[in-house]
Amino acid sequence: MEQAYFHSVTLDKDKCKGCTNCIKHCPTEAIRVRSNKAVIIRERCIDCGECIRVCPYHAKKAVTDSPDILKGYKYKIALPAPSLYGQFGPPYSRERIISALLQMGFDYVFEVARAAEIVTQASEIFLQSDDIKTPVISSACPAVVRLIQVRFPNLIDNLLKIESPMEVAAALAKQEVHEKYGIPYEDMGAFFLSPCAAKVTSVKAPYENKKSRVDGVLAIKDIYLPLLELMKKQKGGVPEPFSLSSAIGVAWAGTGGESDALDRGRRIAVHGIKNINDILEQAVQESLDNIDFIEALACPEGCLGGPLTVENPFIAKVNLKNEIEKIKKSDAHKIKKIESVDEFIWKSTVEYRPIMKLDDDMMKALEKMQMIDELTEGLPGLDCGACGAPSCRALAEDIVRENARETDCIFKLREKVSDIANQLHQID
Amino acid sequence: MNNVIVRDYDIPANDFTAAGEASSSVRKILVQLGVSPYVVKRTSIAMYEAEINAVIHGHGGKAHVEIDGSKVYIRISDEGPGIPDLELAMQEGYSTAPDSIREMGFGAGMGLSNIKKHSDIMKIDTEVNKGTTVHITVFFNAI
Ligand SMILES: Nc1ncnc2c1ncn2[C@@H]1O[C@H](COP(=O)(O)OP(=O)(O)O)[C@@H](O)[C@H]1O
Ligand code: SF4
Ligand SMILES: [Mg+2]
């Protein structure tokens with residue numbers, strides 16, 4: 001299964017200085033520095049983008065599709081993430097942004113915010129069923145779903161088993177275009193305009209083992225300047241190009257958007273991968289009191305802080321807020337009501353990926369754990385990262401997994417060198 | 001069967017933020033050993049409840065954990081007030097937690113019954129004014 005380990009987050013070797021910033025921040029301990037360059041352990045990476053954010057040398061990047069991909073399709077549909085609207089200041093309204101997308105060469109724009117509204121409705125219906133496990137955990141952020149897959153298998157059943165707004169948008173957009181203009185499906189390409197590296201991975205290697213309906217993912221930061229140029233040239237009143245979403249869907253870009261829109265239960269909105277880790281830890285112990293729903297977005301300030309955005313997340317937040325206020329006042333946009341949730345429910349479930357496991361044979365795993373304990377005991381306990389592992393214990397683990405040596409620890413190396421020096425001295 | 005992983009933790013008194021750390025740490029070990037998610041979950045819940053009881057009722061204490069190829073054994077002991085009527089304490093909903101603790105979301109009186117439900121063997125040694133020790137065993141091959 002090659003594709004299972006496709007990742008958007010990758011390393012630019014030339015820029016990497018081999019420092020310890022990324023290894024220390026990775027929530028799944030998926031990065032090591034080996035021979036002075038960072039290495040991402042593919043099966044552990046959840047594409048949260050944390051390393052992209054912390055790398056001072058910009059050596060971590062997210063692979064997305066090049067805008068050239070559009071050329072391969074006769075009819076091009078843009079699926080802008082709602083976070084796109086937060087990237088531009090007051091003069092650049094959502095209507096102008098969407099018009100600019102059309103000017104850019106897209107034939108149709110279907111806001112992911114519209115799909116988010118549908119997901120909200122579907123979630124409300126889903127939350128009413130009897131056989132759900134609480135707290136229900138949102139599955140909108142793929143980095144969170146992947147974190148649960150590798151570290152919190154017990155919470156897989158708590159995931160909201162509803163397709164993400166991006167997937168729903170792609171499906172509905174194609175259907176709408178087909179019904180309106182009779183365009184054959186094979187001529188259409190749907191392109192997500194993304195704040196997010198994890199979504200790229202979701203499209204290229206979906207965790208539900210099925211093909212995504214999204215045909216390509218463009219980074220918001222790659223289309224930001226061309227859009228701005230086009231908007232600057234726009235003249236006069238910009239017509240409202242297509243049916244637009246209401247405030248509910250647009251608010252999904254930031255933290256609290258998804259959970260506030262749900263009209264039931266006690267809900268919390270958690271953002272930042274470390275905070276999410278802590279909350280999930282409590283959820284496993286069943287020590288979260290009376291929480292019915294957890295909105296969890298890996299990035300600080302939610303998708304507005306996504307690694308492929310341009311604007312500072314706090315500024316993006318105020319931009320988005322202004323847009324939301326405007327929409328609320330205009331009240332022109334009606335939410336399309338859905339009758340049934342069936343078509344939006346996951347057809348298969350995500351699987352536990354026991355990548356933290358030391359060995360398939362439990363007796364061997366126990367032996368390895370003991371070796372790790374002993375090795376850790378012998379290491380200085382400084383967690384300095386100079387060995388290339390995030391902590392002394394992680395180095396011990398790497399040694400037992402045969403991916404590192406004890407002398408990768410500079411203190412151990414020093415001991416060994418002085419031992420050898422002493423021995424030489426005795427020979428003399 | 002000499003492959004036993006041993007861990008000892010301090011459970012500080014009145015520290016609600018640290019409560020649960022020992023159980024989180026054991027959870028990570030079990031995941032690394034490849035123990036089934038079901039067993040991991042039972043262990044996490046049972047251990048957490050015993051840990052929090054030691055914090056709330058027992059003035060803090062100690063956790064001792066032994067893991068071998070077939071089971072995890074957890075012993076949580078404190079030198080607190082002890083439990084005068086164990087049968088009563090085991091009843092669902094029974095709690096002597098003061099209001100201040102309840103306001104923090106603890107003290108629903110479900111802890112001991114939850115430990116029983118999520119473990120295969122549970123034994124409590126307790127003596128008034130001496131302290132309480134809760135022994136919890138969860139087998140890996142339980143269904
Ligand atoms: N370690 C302990 N030391 C003293 N008393 C305890 C201890 N553990 C439990 N108890 C007593 O048993 C009661 C029931 O415990 P439990 O079922 O965990 O409910 P809760 O902790 O919510 O009160 C407690 O209220 C307390 O009176
Ligand atoms: S918070 Fe949003 S942008 Fe960040 S990883 Fe999750 S889905 Fe992607
Ligand atoms: Mg209790």
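It should be emphasised that the depicted structure is a prediction, and the values quoted were computed from it without experimental measurement. Lettering follows sequence order; numbering is per chain, from 1.
- Among A/Ile372, A/Leu366, A/Asp373, the residue making the largest number of heavy-atom pairs under 4.5 Å with chain B is A/Leu366.
- For A/Gln282, no part sits under 4.5 Å from any heavy atom of chain B, backbone or side chain.
- Checking A/Gln285 against B/Ser44 by side-chain atom types alone, no donor-acceptor pair falls below 3.5 Å.
- The residue from B/Asp10, B/Asp78, B/Asp8, B/Thr133 that alone fulfils the side-chain hydrogen bond (donor to acceptor under 3.5 Å, both in side chains) condition with B/Lys62 is B/Asp10.
- Residue with the most contacts toward chain A among B/Gly20, B/Ser24, B/Gly34: B/Ser24 (heavy-atom pairs, distance under 4.5 Å).
- Neither the backbone nor the side chain of B/Ile52 has a heavy atom closer than 4.5 Å to any heavy atom of chain A.
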ask   = Is there a salt bridge (charged side-chain N to carboxylate O under 4.0 Å, His left out) between B/Lys41 and A/Glu286 once you walk through the steps?
value = CA-CA 9 Å; B/Lys41 178 189 163 147; A/Glu286 299 199 346; 3.4 Å; yes

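- Atom CD of A/Glu397 and atom NZ of A/Lys368 lie 11.0 Å apart (nearest 0.5 Å).
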